[in-house]
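Worth knowing before you read on, the calculation uses all heavy atoms, side chains too, and leaves out hydrogens, waters and symmetry mates. In what follows, every chain begins at residue 1, and chains take the letters A, B, ... in the order their sequences are listed.
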Number of protein chains: 2
Amino acid sequence: MVTIRDVAAEAGVSITTVSRALNESGRVGRATRERVLNAARRLGYEPNDLARSLHGKATGTIAVLVPDITNPFFPELVKGVQEVATAHQKLLLLCQTSEDSEIAVQELLHLRRKRVDGVVLVGGLAASEQLDAALAGLPVVAVDRDTTVDGSRVVRSDHRRGGRLATEHLIELGHEHIAHVRGPAHLSVAQDRHDGYREALEEAGLPYDASLVVEGGFLEEGGYDGLRALRRRRRPFTAVFCGNDLMAIGALRALEDVGLAVPDEVSVVGFDDIHLASYLRPGLTTVHQPIQTLGRRAAALLIGSAMNDEQPASEVLDVHIVRRQTTARHRRTEVR
Amino acid sequence: MVTIRDVAAEAGVSITTVSRALNESGRVGRATRERVLNAARRLGYEPNDLARSLHGKATGTIAVLVPDITNPFFPELVKGVQEVATAHQKLLLLCQTSEDSEIAVQELLHLRRKRVDGVVLVGGLAASEQLDAALAGLPVVAVDRDTTVDGSRVVRSDHRRGGRLATEHLIELGHEHIAHVRGPAHLSVAQDRHDGYREALEEAGLPYDASLVVEGGFLEEGGYDGLRALRRRRRPFTAVFCGNDLMAIGALRALEDVGLAVPDEVSVVGFDDIHLASYLRPGLTTVHQPIQTLGRRAAALLIGSAMNDEQPASEVLDVHIVRRQTTARHRRTEVR
DNA sequence: CTGTTAGCGCGTTCAC
DNA sequence: GTGAACGCGCTAACAG
C-alpha cells in the first residue's frame with residue numbers, strides 16, 4: 001500500500017507538502033503541486049480516509065435505519081436520502097431494524113464506533129433507556145417517528161390531514177358507512193391517520209363507530225386480517241380506509257376472497273402512494289405522500305445541521321389524494 | 001471524547017491492558033479486566049473503529065452497488081446481502097449506480113478511500129479501463145454480471161434455463177406463436193434468457209422468428225413499448241415471454257390498452273418473481289429466481305474470501321417456474 | 001500477567 | 001513556499 005510518505009519521496013518533497021498539494025489547502029508552489037500530483041498518479045496513491053478522519057474530523061458517512069428494505073415504502077425513502085448524501089459526497093450506510101428496538105440499539109452502537117456523522121431514523125421503535133443512550137449526542141433526524149428523543153429533528157407528512165382527505169373523498173362519493181383498518185396503535189402515524197378519519201366523519205355529521213375500526217400491522221396481512229375481522233362483526237360498510245397501501249392490498253385480496261367487487265360494492269383507499277399502487281388493477285386510490293422528498297429533506301437537515309448551527313426543529317410535508325379505480329360513488333342498491 | 005487512555009487512568013492500568021481487556025485478546029487478570037470494564041462503563045467509553053482499522057486491519061464494512069434501489073428486484077437482493085453482513089458484524093454501505101459506469105467508478109473510488117473490505121457488484125456496467133482500475137485489488141463478488149473482471153467471483157441464476165422453462169411452459173399450453181420482449185442486448189442475463197427461449201422453441205420444432213423478438217429496457221416502459229412494437233409488426237402471437245417482471249407488467253398494460261384479454265387472448269410470462277408479481281391481478285406467471293439467496297451467497301462468498309483462501313469461482317443458482325394467472329391454454333379460436 | 005515503546009497514515013501546528 | 005515534529009486512538013511487538 002502506497003502512502004503519502006512514498007509520494008513525498010517520489011516527488012522529492014516532504015509529506016506536509018504532499019498533504020497540502022492533495023487537499024488544495026494552503027500555499028503550495030504551482031510546479032511543486034504538479035510534481036506531487038504526478039508522483040501520486042504514477043504510484044497509484046490512494047488517500048486513506050480512515051487516517052484523515054482520525055483527526056476528529058467528520059467521516060463523510062451517514063446511516064439510514066429502516067425497518068425492512070423490502071417493504072416498498074422504504075426504498076423510495078432511502079433513494080431520497082441517498083440522493084442528498086451523494087450530492088454532499090457522503091457515503092450511506094444502510095441498516096435494517098425489523099422494527100426491533102434492541103436490534104436498532106445494536107446497530108446504532110456499531111455506527112457510533114464507526115463514527116458516522118449522523119443518522120436518519122425511520123419508523124417506529126419502542127422507546128427505551130438503551131435507545132436513548134445509543135442516540136445520545138448523535139446527530140439524528142427522524143422520519144415519521146414521534147420526537148421522543150431530545151433535540152432530534154423530525155420530518156414527516158401531514159398524516160392527520162391525509163386521513164381527513166381519504167375520508168372526505170369517500171364521504172363525497174356518498175359513503176356513510178366507512179370502515180377503517182388502521183395501523184398499530186403504538187405508531188403515531190397510524191394514530192394521526194385515524195384521528196384525521198374521525199375528524200372528517202364528525203365534521204360531516206357522520207357517527208364515529210368504533211366497531212368499524214380494526215387495527216393491524218402495516219403489511220398486507222394486517223389489511224387482509226383486518227378486513228376479515230370487520231366482516232365478522234356483521235356491521236355493514238361500503239368503503240374502507242386502510243392504514244397504508246400494503247394494508248389496502250391485503251384488504252383488496254380479502255374482498256376478492258369473500259366475493260365483494262371493488263369498487264362496485266366496496267370502495268378502498270390506501271395511504272402512501274407507493275409505486276405499487278399504480279401498478280395494481282384496479283389502480284389503488286390513495287393518499288399520496290412525497291416519500292422520496294421525505295428522505296431528501298431528512299438527509300438535508302442532517303447534513304445541514306453539521307454545517308449550519310441554526311436549523312428548523314422539524315418539517316411537515318403536504319399530502320394529497322390520488323384518485324384511481326378502487327373508489328366509486330356509493331350505490332344506494334343494498335350492499336352489506 | 002473519552003479515549004482508551006482515560007480509561008487506563010481511571011482503572012489505574014496501562015493503555016495496553018485496557019486494549020487487551022476490551023478485545024479479550026491475550027492474558028489479562030480476571031480482576032484487572034473487571035476493573036477496566038467498569039472504568040470504561042463509568043466513563044462512557046466508546047471504542048473508535050477508525051483507529052483500530054488504521055492498523056491495516058479490516059474495516060468491517062462492505063458495500064453493495066445496485067443500479068436503483070427503487071427497482072423492486074434490488075431491495076430483495078440487498079436484504080440478502082445485509083443479512084449475511086449483519087451476521088458477520090459488518091456494516092453495509094449502499095451505493096446506486098443508475099447503471100452508469102462512470103458513477104460506479106466514482107463510488108468505487110470513494111469506497112476504496114474508505115477502505116471497505118469488499119464489494120458486491122450488481123447489474124450490468126459498461127466495461128472500461130477506469131472501471132477495471134477502480135476494481136483492481138478490491139475483493140469483489142458480482143451478481144448477474146459477466147465476469148469480465150479478472151479474478152472476481154460471480155453469483156447468478158441459471159437464466160438460460162429460466163428462459164427455457166418459461167418457453168416450454170407456453171409450448172405445453174399449446175402456444176405456437178410465442179413472442180419475446182427481451183432485455184438489453186449488452187446484458188448477459190438478457191441474452192441468456194433469450195437463448196433459453198430460442199433453445200426451447202427449436203427443441204419443440206417451432207421456428208425461431210426474429211420478427212417476434214423485440215428488445216427493451218428492463219423496466220415497465222421497455223415492456224410496454226416492446227409489446228406495442230410487436231403489434232405494429234402485425235405478426236400474430238398468442239403468448240409473450242418478457243425479459244423480467246417489470247417488463248411483463250408493462251406488457252400487461254399495453255395489452256390492456258389495445259384490448260387484448262390476459263390470459264384468454266394472450267398469455268404472459270415474466271422473469272424474477274419479485275414480490276410484486278404475486279400482488280398483481282391476474283397474478284403473474286413467472287420464472288422464480290432466488291433473489292434474496294443470490295444476495296446471501298454473494299455476501300457469503302465475499303466475506304468468506306477474506307477469511308478462507310480457497311473459494312469457488314462462481315455459483316449458479318437454480319430457477320423454476322411459478323404458474324399464476326397470466327398464462328392459459330391456447331384457444332384454437334382465432335386470435336391475432 | 002502487565003507496562004513501554006513504536007508505529008498505522010495523515011493533518012497541523014510551528015519554525016525556517 | 002516548505003519542512004520537522006507532534007498527535008489523532010489504538011494495536012502490536014517487545015520487554016519485564
Counting only side-chain N and O atoms of Thr17(B), is one of them less than 4.0 Å from OP1 or OP2 of dT2(C)? no
Start at the 5' end of DNA chain D and walk down; is the nucleotide closest to His55(A) or to Val18(B) reached first? His55(A)
For dT11(D), does either OP1 or OP2 sit under 4.0 Å from a side-chain N or O belonging to Arg52(B)? yes
Any donor-acceptor pair under 3.5 Å from Arg156(A) side chain to Glu315(A) backbone: no
Could you tell me whether the side chains of Gln96(B) and Glu83(A) share a donor-acceptor contact shorter than 3.5 Å? no
Whole-Å distance, Tyr45(A) OH to dG9(C) C1', equals 7 Å
I need the Ser188(B) OG to Asp144(B) CG distance, nearest 0.5 Å. 7.0 Å
For DNA chain C, determine which residues of residues 4-16 of chain B have any heavy atom closer than 4.0 angstrom to one of its atoms, and list them numerically. Val13(B), Ser14(B), Thr16(B)
Tell me the interatomic distance from Asp49(A), atom CG, to dC8(C), atom C1', rounded to whole angstroms. 15 Å
Here the gap from Arg52(A) atom CZ to Lys114(B) atom NZ, rounded to the nearest 0.5 Å, amounts to 9.0 Å
Could you check whether Thr17(A) and Arg20(A), counting side-chain N and O atoms only, form a donor-acceptor pair closer than 3.5 Å? no
Any side-chain heavy-atom pair of Leu94(B) and Leu93(A) under 4.5 Å: no
Phosphate-side-chain proximity, Lys57(A) and dT12(C), N/O vs OP1/OP2 below 4.0 Å: yes
Would you tabulate the pairs of protein nitrogen or oxygen atoms and nucleotide nitrogen or oxygen atoms of nucleotides 14-16 of chain C closer than 3.5 angstrom?
none

Quick one: is dC8(C) close enough that its OP1 or OP2 comes under 4.0 Å of any side-chain N or O from Asn48(A)? no
note: Glu24(A), atom CD; dG1(D), atom C1'; distance rounded to Å ~ 16 Å
When you match Arg30(B) and Leu54(B) each to their closest nucleotide on DNA chain C, which lands nearer the 5' end? Arg30(B)
So, Asn38(B) versus Arg41(B): side-chain donor-acceptor pair below 3.5 Å or not? yes
What is the distance from CG of Leu22(A) to P of dT12(C), rounded to the nearest Å? 13 Å
Scan residues 89-109 of chain B for pairs that pass salt bridge (charged side-chain N to carboxylate O under 4.0 Å, His left out), counting only residues two or more places apart or in two chains. Lys90(B)-Asp117(B)
Measure from the side-chain heavy atoms of Asn23(B) and tell me the nearest of dC10(C), dT11(D), dG3(D). dT11(D)
dT2(C) phosphate, OP1 or OP2: any side-chain N/O from Thr32(B) under 4.0 angstrom? yes
As an exercise, state the distance from CD1 of Ile15(B) to CG of Leu22(B), rounded to the nearest 0.5 Å. 12.0 Å
